[in-house]
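See structure below.
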Amino acid sequence: MSSENLTRLNKYLSEVGYCSRRKADTLIEQGRVTINGKVPEMGTKVSPEDEVRVNGELIVPPKKDNVYLAFNKPIGIVCTTNPAEKKNIVDYINFPTRIFPIGRLDKPSEGLILLTDDGDIVNKILRARNNHEKEYIVTVDRLITPDFLRRMSSGIPILDTVTRECEVEQLSKFVFRIILTQGLNRQIRRMCEYLGYEVVKLKRIRIMNIELDVPVGQYRHLTQKELDDLDRLTGESSKTEDASVEQKPASSKPKPSNTTSKKTFGKSPENQKNFRSKRRNRES
């Protein structure tokens, strides 16, 4: 057991709110405190796994409330906890307890990213393939055309796969809104590059039910309603995804999504076969 995880017994009793350190010393001297059933010496240290009792009563630390933050990441900040990265997101926020980002948002991009100390919700969100919508506002260097919108929404071949169909809406001559249900590396930038466009500005404004509503460089705590809705969305999505994985035989063809169009990616049987194969292997 690392010494970093050990706390002097009197300090432990004080931190969990049982009594003051001075009172704790008195209780220890009187032999009224036990650690794992044994009476300790003064100055003994305890770990989180130890069972501490006072007069036979089990001392249970108060339940720690998890942290859930919605952060508006500035351009140039890196979504990593690695202290070797000078512009890492954790040092930038400087939150008083340990937190880590859920997913990523690349360095040149800005906007919404969630951070937490709850590993369970991270796994739920990253598994939420069906309902894990992420919405972006994107500015490009060329005039947006109807063909660009059609091809972006239909699917683009990048990273040895074809992107899922998605919702794309033009907002101005150079700006469009896009909603993804994938998390491929630099996905929007790669999709635009494939069509001969360069992303000038990329901002994420929503993750599932969480909206971006704080200034750049600032964060807020998620509301209880947001957490409840998030739990509902990730719960339903996980069940759907698990069922599809367990029930689908290796040789069966995947069912098309509600938005799949036969004219997308061309009508040739070979193209359709390649697309279906890639959809089975792509990363969500």
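Nothing fancy with the numbering, it's 1 onward along the sequence. We use all heavy atoms of the structure for the numbers below, so side chains are in, but hydrogens, waters and symmetry mates are not.
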Check whether any side-chain N or O of [X] sits under 3.5 Å from a backbone N or O of [Y] as a donor-acceptor pair, and report yes or no.
{"X": "Arg142", "Y": "Gly196", "result": "yes"}
{"X": "Ser109", "Y": "Leu105", "result": "no"}
{"X": "Asp117", "Y": "Asn66", "result": "no"}
{"X": "Glu211", "Y": "Asp213", "result": "no"}
{"X": "Ser153", "Y": "Leu149", "result": "yes"}
{"X": "Asp118", "Y": "Asp120", "result": "yes"}
{"X": "Lys134", "Y": "Thr181", "result": "no"}
{"X": "Asn209", "Y": "Glu226", "result": "yes"}

Nearest 0.5 Å, what's the CD1-NE2 distance between Ile207 and His132?
->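 So the gap between those two atoms works out to 6.0 Å.
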Could you grab the distance from atom CD1 of Ile99 to atom CD1 of Ile93, nearest 0.5 Å is fine?
-> 4.5 Å
If you group Ile, Leu, Val, Met, Phe, Trp and Tyr by side-chain heavy-atom gaps below 4.5 Å, do [X] and [Y] land in one group?
{"X": "Leu9", "Y": "Val39", "result": "no"}
{"X": "Leu6", "Y": "Val33", "result": "no"}
{"X": "Val46", "Y": "Met42", "result": "yes"}

Do [X] and [Y] make a side-chain contact, defined as non-hydrogen atoms from C-beta onward lying under 4.5 Å apart?
{"X": "Arg204", "Y": "Ile113", "result": "yes"}
{"X": "Glu198", "Y": "Glu193", "result": "no"}
{"X": "Lys107", "Y": "Ile75", "result": "no"}
{"X": "Met191", "Y": "Ile158", "result": "yes"}
{"X": "Val162", "Y": "Ile156", "result": "no"}
{"X": "Leu114", "Y": "Leu69", "result": "no"}
{"X": "Cys166", "Y": "Ile179", "result": "no"}
{"X": "Met208", "Y": "Leu230", "result": "yes"}

Side chain to side chain donor-acceptor pair (under 3.5 Å) against Asn72, all qualifying residues, sequence neighbours excluded | none
Using residues 77-85 as the side-chain source, report each donor-acceptor pair under 3.5 Å to any protein atom, sequence neighbours left out, with the distance given to one decimal.
from  : atom 1 : to    : atom 2 : distance (Å)
Thr80 : OG1    : Asn82 : N      : 3.0
Asn82 : OD1    : Ala84 : N      : 2.9
Glu85 : OE2    : Lys87 : N      : 3.1

Under the side-chain contact (heavy atoms from CB on, under 4.5 Å) test, which residues partner [X], sequence neighbours left out?
{"X": "Glu169", "value": "Leu171, Arg177"}
{"X": "Val16", "value": "Tyr12, Tyr18, Ile59, Pro61, Pro62"}
{"X": "Gln30", "value": "Thr26, Leu27, Arg32"}
{"X": "Lys225", "value": "Thr223, Asp229"}

Quick one: ring pair (Phe, Tyr, Trp, His ring centres under 6.0 Å) partners of Tyr136, sequence neighbours excluded?
-> none
Go through the structure and list residues passing ring pair (Phe, Tyr, Trp, His ring centres under 6.0 Å) with Tyr68, not counting sequence neighbours.
->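 With sequence neighbours excluded, Tyr68 shows a ring pair (Phe, Tyr, Trp, His ring centres under 6.0 Å) to no residue whatsoever.
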Locate the shortest heavy-atom distance separating Ile28 from Pro40; write the atom from each residue and the value.
->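 Of all heavy-atom pairs spanning Ile28 and Pro40, the closest is CG2-O, 4.3 Å.
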What's the shortest heavy-atom distance between Gly217 and Tyr92, and which atoms?
-> CA-OH, 3.6 Å
Hits for salt bridge (Lys or Arg N to Asp or Glu O under 4.0 Å) against Arg206, two or more places apart or cross-chain, chain-then-number order -> Glu133, Glu135
Take Glu167 and Leu180 through the test side-chain contact (heavy atoms from CB on, under 4.5 Å) and record every step on the way to the result.
-> CA-CA 7 Å; Glu167 180 181 337; Leu180 301 180; over 6 Å; no
Are Glu110 and Leu202 close enough, and set up right, to give a side-chain contact (heavy atoms from CB on, under 4.5 Å), and what steps lead you there?
-> CA-CA 6 Å; Glu110 64 177 300; Leu202 191 154; over 6 Å; no
All pairs passing salt bridge (charged side-chain N to carboxylate O under 4.0 Å, His left out) where residues 13-27 contributes a residue, at least two apart = Lys11-Glu15
Salt bridge flag under 4.0 Å for residues Asp91 and Lys86 = no
Apart from Leu143 itself, members of its ILVMFWY cluster (side-chain separation under 4.5 Å) are Phe174
Using the ring-ring contact (aromatic ring centres under 6.0 Å, His included) rule, collect all pairs that involve residues 194-213, keeping only residues at least two apart or in two chains.
-> Phe148-Tyr197
